[in-house]
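Small disclaimer: the values here were computed from a predicted structure and weren't measured. Residue numbering restarts at 1 for every chain, and letters A, B, ... go by the order of the sequence lines.
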Protein chains: 2
Amino acid sequence: MRLVIARCSVDYAGRLTAHLPLATRLLIAKADGSVLVHSDGGSYKPLNWMSPPAKLTVSVPEEDQREAGVVETWTVQHAKTDDRLVVSIHEVLHDSEHELGVDPGLVKDGVEAHLQKLLAEHIATLGEGYTLVRREYMTAIGPVDILARDDAGRAVAVEIKRRGEIDGVEQLTRYLELMNRDPLLAPVTGVFAAQEIKPQARTLATDRGIRCVVLDYDALRGIDDVDSRLF
Amino acid sequence: MRLVIARCSVDYAGRLTAHLPLATRLLIAKADGSVLVHSDGGSYKPLNWMSPPAKLTVSVPEEDQREAGVVETWTVQHAKTDDRLVVSIHEVLHDSEHELGVDPGLVKDGVEAHLQKLLAEHIATLGEGYTLVRREYMTAIGPVDILARDDAGRAVAVEIKRRGEIDGVEQLTRYLELMNRDPLLAPVTGVFAAQEIKPQARTLATDRGIRCVVLDYDALRGIDDVDSRLF
DNA sequence: CTTTATATCTCGGGA
DNA sequence: TCCCGAGGTATAAAG
């Protein structure tokens with residue numbers, strides 16, 4: 001990995017064209033040929049970049065460029081597409097090379113999968129008498145997060161999201177449409193369950209007869225405690 | 001901006017919990033308190049990070065941590081949420097500080113907005129006799145990209161995407177449903193226009209009576225040339 | 001391999 | 001401010 005602090009301008013041409021005027025920035029050249037251009041702010045997204053696999057070529061600029069103050073040119077060409085990033089360096093303020101090795105990678109925990117597991121274990125959260133049929137119930141167009149039955153034994157398809165938005169309601173609608181054509185399942189009702197449900201999603205769901213349930217992640221995790229407190 | 005190459009382990013707790021085992025990585029501490037942890041591969045996304053606004057506190061570790069080999073601890077606390085990133089540094093291989101200043105920012109060109117503008121200017125691409133009513137036609141659930149009228153004066157709602165996928169068809173369907181309740185507009189037909197339309201999106205659109213149009217970006221840009229070549 | 005759903009998404013615009 | 005849609009989305013999982 002090479003780290004360079006430089007006054008530079010940057011041009012990208014590919015799925016769009018973009019230009020960064022002359023300023024001081026951090027350039028990161030990674031082992032796989034990818035290059036990141038970072039400023040001293042914003043979030044983790046670089047101002048401009050080239051994704052791997054790519055080839056970085058460092059060259060001495062043409063004479064007209066040198067007269068304009070460019071001392072070094074980085075041309076980063078993507079290996080598969082015709083995306084190209086050109087960094088015109090006017091002044092190098094820092095330059096260092098480092099050996100990092102392969103990273104063991106990130107260990108994550110606790111997202112939608114966890115919510116699904118918790119709700120499956122405590123399916124009565126949806127209402128008394130609810131029973132779990134199965135998680136990841138397969139249909140022709142994909143798996144429904146949870147299939148359950150209500151107290152009257154009717155099938156209930158549950159779609160779970162961390163944040164409930166309109167896409168999720170559309171997704172559940174497609175599942176319901178399909179499942180209701182199956183005489184062994186129909187009539188199937190829908191439940192849209194999320195930690196947070198956006199107003200537009202709620203409106204659309206209600207309009208389509210889909211029930212919305214807001215999940216309390218902490219309560220689900222501590223449901224045994226809650227149960228014991230009930231007595 | 002501070003750049004550190006270090007052998008370190010990293011823990012994040014916030015919207016999820018995540019852990020990075022001990023390895024050599026690049027740490028970037030930005031002026032706004034944000035911190036990025038990068039490896040020598042992957043793409044522009046860091047292995048782990050803290051978004052601004054945040055506060056970075058560098059401290060000498062507790063004795064049990066020091067015995068485990070930790071020489072320095074970075075605690076990055078988000079200013080508004082309770083997200084927290086902790087970097088346990090075992091060995092510092094490089095450490096430098098740089099003054100970058102404020103970045104003038106990126107100049108972009110050519111995305112969906114550009115396609116919309118081009119199609120609005122050359123609405124006859126959709127068919128002879130088509131006329132533009134307006135771009136960004138407001139409805140209760142959001143703006144329709146283009147409202148036009150066909151050669152018979154019937155309203156046509158156009159949804160434009162760079163890549164036409166299923167959610168774009170859903171979006172247009174919602175608009176059409178709503179607009180067709182308006183007696184001043186009805187009947188409204190739909191056109192799904194994109195540079196590239198995925199087979200599933202095309203199937204769904206066709207099934208719902210929505211016409212698909214593949215846009216040629218270069219042809220739209222050079223439409224005057226094309227016109228002149230016709231004679 | 002392509003397609004689909006998710007993301008600590010980020011980022012910008014509009015009400 | 002919140003909400004919604006777009007992204008050079010990236011990325012992992014599934015068919």
Side-chain angles (χ1 to χ4, degrees), chain A residues 11-18 34 37 41-52 54 76 78 80-85 105-106 108-113 115-116 136 138-145 159-163 165-168 170-172 174 196-203, chain B residues 10-18 34-37 42-52 54 76 78 80-85 105-106 108-116 136 138 140-145 159-163 165-168 170-171 174 194 198-201:
Chain A
D11 287 277
Y12 165 79
R15 273 164 283 192
L16 60 77
T17 57
S34 61
V37 181
S43 63
Y44 71 66
K45 196 178 180 184
L47 291 167
N48 222 324
W49 72 95
M50 179 58 67
S51 320
V76 195
H78 195 273
K80 297 187 173 180
T81 68
D82 55 358
D83 289 27
R84 175 181 290 213
L85 187 75
L106 190 68
K108 283 188 185 183
D109 176 41
V111 258
E112 187 190 313
L115 268 180
Q116 189 191 111
E136 303 284 351
M138 273 311 293
T139 73
I141 55 171
V144 177
D145 289 338
E159 176 66 34
I160 300 170
K161 296 284 178 205
R162 196 168 57 78
R163 278 164 40 192
E165 304 187 11
I166 227 159
D167 292 14
E170 300 286 14
Q171 197 179 335
L172 180 53
R174 288 196 296 272
E196 177 196 354
I197 296 179
K198 293 290 168 70
Q200 293 210 351
R202 182 181 291 275
T203 304
Chain B
V10 183
D11 287 278
Y12 165 78
R15 274 162 284 189
L16 59 75
T17 56
S34 60
V35 170
L36 316 185
V37 181
S43 64
Y44 70 67
K45 195 178 180 186
L47 293 166
N48 220 325
W49 73 92
M50 178 58 67
S51 319
V76 195
H78 195 272
K80 295 189 172 178
T81 69
D82 55 359
D83 290 27
R84 175 181 292 212
L85 187 75
L106 191 67
K108 281 190 186 180
D109 177 40
V111 258
E112 188 191 314
H114 202 184
L115 269 180
Q116 190 191 110
E136 302 284 351
M138 273 311 292
I141 55 171
V144 177
D145 288 340
E159 177 66 34
I160 300 170
K161 295 284 177 206
R162 195 169 58 77
R163 278 163 38 193
E165 301 184 13
I166 222 161
D167 56 346
E170 300 285 16
Q171 196 179 336
R174 289 196 297 275
K198 292 289 168 71
Q200 293 210 349

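Between A:Glu170 and B:Asp167 there is no side-chain heavy-atom pair separated by less than 4.5 Å.
The residue B:Met50 sits apart from the nucleic acid: no heavy atom pair falls under 4.0 Å. Among the atoms of the strands shown, none is found under 4.0 Å from any heavy atom of B:Lys198.
The nearest heavy atom of DNA chain D to A:Asn48 and to B:Pro143 marks one nucleotide each, and the one closer to the 5' end goes with B:Pro143. Two residues, B:Lys80 and A:Gly14, neighbour DNA chain D, and the one matched to the more 5' nucleotide by heavy-atom proximity is B:Lys80.
For the pair A:Asp145 (side chain) and A:Ile160 (backbone), a donor-acceptor distance under 3.5 Å is present.
To the nearest 0.5 Å, atom NZ of residue B:Lys161 and atom NZ of residue B:Lys198 are 13.5 Å apart.
Following rounding to the nearest Å, B:Ile166 (CD1) and D:dA6 (C1') show an atom-to-atom distance of 19 Å. In this entry the distance linking CD of A:Glu170 with P of D:dC4 reads 14 Å, nearest Å.
To the nearest whole angstrom, the two C1' atoms, one in D:dG7 and one in D:dT11, are 14 Å apart. Separating the C1' atom of D:dA6 from that of D:dA10 is a span of 14 Å, rounded to the nearest Å. Annotation: C:dT8 and C:dT4 have their P atoms spaced 22 Å apart (nearest Å).
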Legend entry - Residues B:Lys45, A:Tyr44; criterion side-chain contact (heavy atoms from CB on, under 4.5 Å); working and verdict: CA-CA 7 Å; B:Lys45 195 178 180 186; A:Tyr44 71 66; 3.8 Å; yes

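For B:Arg174, the CZ atom sits in a packed shell: over 12 heavy atoms of surrounding residues, nucleotides or ligands are nearer than 6.0 Å.
The nucleotide whose nearest atom lies closest to any side-chain atom of A:Arg174 is, among D:dG5, D:dG8, C:dA5, C:dA5. The B:Glu159 side chain lies nearest to D:dA6 when the options are D:dG8, C:dT6, D:dA6.
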Check nucleotides 10-12 of chain C against the protein and report each pair of N or O atoms closer than 3.5 Å, with its distance, or say if there are none.
residue	atom	partner	partner atom	Å
C:dT10	OP1	B:Ser51	OG	3.3
C:dT10	O3'	A:Ser43	OG	2.8
C:dC11	OP1	A:Ser43	OG	3.1
C:dC11	OP2	A:Ser43	OG	2.8

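Between B:Asp83 and B:Gly14, the shortest heavy-atom contact is OD1-CA, 3.6 Å.
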